[in-house]
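In what follows, a single structure is set out as structure tokens and then discussed.
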Amino acid sequence: AQKITQTQPGMFVQEKEAVTLDCTYDTSDPSYGLFWYKQPSSGEMIFLIYQGSYDQQNATEGRYSLNFQKARKSANLVISASQLGDSAMYFCAMREVEMDSSYKLIFGSGTRLLVRP
Amino acid sequence: GAGVSQSPSNKVTEKGKDVELRCDPISGHTALYWYRQSLGQGLEFLIYFQGNSAPDKSGLPSDRFSAERTGGSVSTLTIQRTQQEDSAVYLCASSSQTSRVETQYFGPGTRLLVL
């Protein structure tokens with residue numbers, strides 16, 4: 001079974017509007033971390049935001065926020081006030097803390113976001 | 001400070017040849033990871049180093065793939081007898097692993113094309 005599912009292969013958003021990128025995950029580990037990375041066309045992976053499974057509040061970093069719904073096992077990324085430079089691939093990833101001592105990241109297949117002027 | 005660096009940035013090789021990919025992690029980072037990204041896909045874990053040892057090699061796809069890390073720093077991923085299906089972007093990441101909130105920082109990747 002897929003551990004990280006991103007159901008939107010591609011998304012469009014108008015500049016200055018908000019957009020939500022979906023991510024659901026599957027784990028039996030009680031302790032885990034969820035990450036979002038941005039990959040522009042240049043190829044580098046840029047860390048955006050982190051949410052721990054025990055965190056009480058949703059994570060926020062500037063224009064990025066994570067809508068964490070633990071019972072639904074979802075960790076959607078919300079980008080507010082989209083900018084042209086936000087056009088990129090976005091990957092959701094998970095790390096299982098107690099069941100995996102290597103702390104390796106498990107990635108979803110990504111969502112390609114295109115911001116329209 | 002300097003981020004993760006990888007070399008070469010691009011590599012074109014012929015089927016059957018061996019290739020070496022290098023990763024220079026962020027100074028002081030004890031954990032180092034190799035991932036592979038095939039065209040249009042997400043990242044796939046290959047191997048994890050803690051210091052110079054590799055406690056998790058579970059993602060290496062075949063015995064043609066090997067990796068080492070020396071001095072707790074630079075790592076080399078070697079692919080022997082390359083095949084066309086090895087064509088991908090190979091990404092290296094490092095982290096300090098000093099707490100549970102550990103962010104992996106990625107290098108720019110090596111784009112490998114096997115003809």
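Keep in mind it's a predicted model, so treat the numbers as computed, not measured. In what follows, chains carry the letters A, B, and so on, assigned in the order in which the sequence lines appear, proteins first and then strands, with residues in each chain numbered from 1.
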Using the side chain to side chain contact (heavy atoms under 4.5 Å, CB included) rule, take A:I106 and B:L43 through it: C-alpha gap first, then chi angles, then the decisive distance, then the call.
CA-CA 8 Å; A:I106 303 163; B:L43 278 69; over 6 Å; no
Could you give me the CA-CA distance, side-chain angles and deciding distance for A:Q39 and B:F106, then say whether side chain to side chain contact (heavy atoms under 4.5 Å, CB included) is met?
CA-CA 11 Å; A:Q39 188 177 44; B:F106 283 81; over 6 Å; no
Residue pair A:M45, B:Q104: steps toward the side chain to side chain contact (heavy atoms under 4.5 Å, CB included) verdict
CA-CA 10 Å; A:M45 294 287 286; B:Q104 291 182 23; over 6 Å; no
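B:Y35 touches chain A through its side chain: at least one heavy atom from C-beta onward sits under 4.5 Å away, while N, CA, C and O do not. Proximity to chain A is limited to the side chain of B:S58, based on heavy atoms less than 4.5 angstrom apart. For B:E44, no part lies under 4.5 angstrom from a heavy atom of chain A.
Annotation: the span from B:Q37 atom CD to A:M89 atom CE amounts to 7.5 Å, rounded to 0.5 Å. A distance of 5.5 Å separates OG of A:S102 from OH of B:Y33, quoted to the nearest 0.5 Å. Once rounded to the nearest 0.5 Å, the distance linking NZ of A:K104 with CZ of B:F45 reads 5.0 Å.
Neither B:V89 nor B:L115 shares a network with the other; the hydrophobic side chains, linked directly or stepwise wherever heavy atoms of I, L, V, M, F, W or Y lie under 4.5 Å apart, form separate groups for each. Residues A:L77 and A:M11 share a single hydrophobic cluster, defined by chaining ILVMFWY side chains whose heavy atoms lie under 4.5 Å apart. Under the 4.5 Å side-chain contact rule for hydrophobic residues, B:L60 and B:L32 share a cluster. In the hydrophobic cluster analysis, where Ile, Leu, Val, Met, Phe, Trp and Tyr join through side-chain heavy atoms closer than 4.5 angstrom, A:F47 is grouped apart from B:I26. A:Y90 and A:Y50 fall into different hydrophobic clusters, where Ile, Leu, Val, Met, Phe, Trp and Tyr residues are linked whenever their side-chain heavy atoms come under 4.5 Å apart, directly or through other members.
Closest heavy-atom contact between A:F35 and B:T103: CE2-CA, 4.2 Å.
Residue B:K57 places its NZ atom among 12 or fewer non-hydrogen atoms of other residues, nucleotides or ligands, all under 6.0 Å distant. The 12-atom threshold is exceeded at NZ of A:K70, counting heavy atoms of other residues, nucleotides or ligands nearer than 6.0 Å.
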